[in-house]
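Throughout, numbering of the chain's residues begins at 1 and tracks the sequence.
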Amino acid sequence: MPDDLSTTFAALADPTRRAILARLSSGELSVKELAEPFSIAAPSITKHLKVLERAGLIRRSRIAQRRPCHLEGAPLREVAVWVEQYRRSWEHSMNRLDDYLGQMEATGGEKHARRKKR
């Protein structure tokens, strides 16, 4: 059974689903409104929405004949927390590289200069 983070990443792997989430970031939309910019069949949009709903990224409701969709932030916050730990590590590595390159520049690069081929 996949963990929540894996399910979220699997849902985010598809560009159509990411586009749907981007559209929902500005507010609630009906299924029909969500489907408008896509040149795919309605059943395909429904399948994408089911994947997003299973991942907890959206919530669908029913108000009379309207079926509004809402963006759910919790899974995206989990992704942000997961990525943040790696961002800190990458930032630390880049800072160390920056320091090293600064030292190289200050010493004229003599310590690690390549020898000329004879």
Side-chain angles (χ1 to χ4, degrees):
M1 187 165 135
D3 61 292
D4 291 340
L5 197 56
S6 295
T7 303
T8 301
F9 276 119
L12 293 172
D14 186 272
T16 301
R17 291 193 285 266
R18 291 192 305 270
I20 289 169
L21 292 177
R23 295 203 48 183
L24 287 172
S25 69
S26 59
E28 169 186 299
L29 292 171
S30 70
V31 173
K32 183 180 177 185
E33 292 167 330
L34 279 172
E36 285 173 0
F38 301 103
S39 59
I40 56 178
S44 295
I45 289 291
T46 300
K47 286 180 183 181
H48 284 299
L49 293 175
K50 285 181 182 179
V51 170
L52 292 169
E53 193 171 27
R54 274 194 302 271
L57 290 162
I58 67 166
R59 181 175 36 92
R60 294 192 289 175
S61 57
R62 180 182 291 191
I63 302 171
Q65 298 299 320
R66 194 166 188 272
R67 304 225 179 343
C69 296
H70 311 269
L71 183 65
E72 292 291 326
L76 294 175
R77 278 190 292 279
E78 287 180 37
V79 168
V81 167
W82 184 83
V83 168
E84 177 62 21
Q85 64 189 333
Y86 293 99
R87 188 200 59 78
R88 278 187 254 128
S89 174
W90 298 326
E91 190 173 271
H92 177 71
S93 294
M94 290 296 115
N95 287 340
R96 286 182 33 222
L97 177 61
D98 191 42
D99 291 344
Y100 177 74
L101 293 174
Q103 290 171 0
M104 291 286 296
E105 190 175 90
T107 62
E110 297 166 5
K111 184 177 178 182
H112 294 285
R114 291 186 177 190
R115 293 184 353 197
K116 293 182 180 178
K117 293 183 181 180
R118 294 181 186 193

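Here the straight-line distance linking atom CD1 of I58 with atom CG of L71 works out to 9.0 Å at 0.5 Å rounding. Note that CG of L34 is 6.0 Å distant from CD1 of I20, once rounded to the nearest 0.5 Å. The line from CE of M104 to CG of L97 is 11.0 Å long, rounded to the nearest 0.5 Å. One finds the CG atom of L12 at 8.0 Å from the CG atom of L52 (value rounded to the nearest 0.5 Å).
Residue pairs meeting the salt bridge (charged side-chain N to carboxylate O under 4.0 Å, His left out) criterion with at least one member in residues 91-104, sequence neighbours excluded, are R87-E91. Listed by first and then second residue, the side-chain hydrogen bond (donor to acceptor under 3.5 Å, both in side chains) pairs that reach into residues 18-28 are E28-R66, E28-H70, sequence neighbours excluded. Note on residues 36-53: pairs passing salt bridge (charged side-chain N to carboxylate O under 4.0 Å, His left out), not counting sequence neighbours, are E53-R60.
Annotation: side-chain contact (heavy atoms from CB on, under 4.5 Å) contacts of I40 (sequence neighbours excluded): T16, F38, S44, I45, H48. Evaluation of the salt bridge (Lys or Arg N to Asp or Glu O under 4.0 Å) rule for R59 yields E72 as partners, not counting sequence neighbours. Evaluation of the side chain to side chain donor-acceptor pair (under 3.5 Å) rule for S30 yields E33 as partners, not counting sequence neighbours.
With hydrophobic clusters built from ILVMFWY side chains whose heavy atoms lie under 4.5 angstrom apart, V51 does not share a cluster with L49. Both F9 and Y86 belong to a single network of hydrophobic side chains, linked directly or stepwise wherever heavy atoms of I, L, V, M, F, W or Y lie under 4.5 Å apart.
The two residues P75 and A55 have their closest heavy-atom pair at CG-O, 3.7 Å. Residues P68 and I63 share a closest heavy-atom pair of CG-CD1, 3.9 Å.
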Check your understanding: When you look at T8 and E78, which way does the side-chain contact (heavy atoms from CB on, under 4.5 Å) test go after all the steps?
Key -> CA-CA 9 Å; T8 301; E78 287 180 37; 5.6 Å; no
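Remark: side-chain polar atoms of R67 are not paired, donor with acceptor, to backbone N or O of V31 under 3.5 angstrom.
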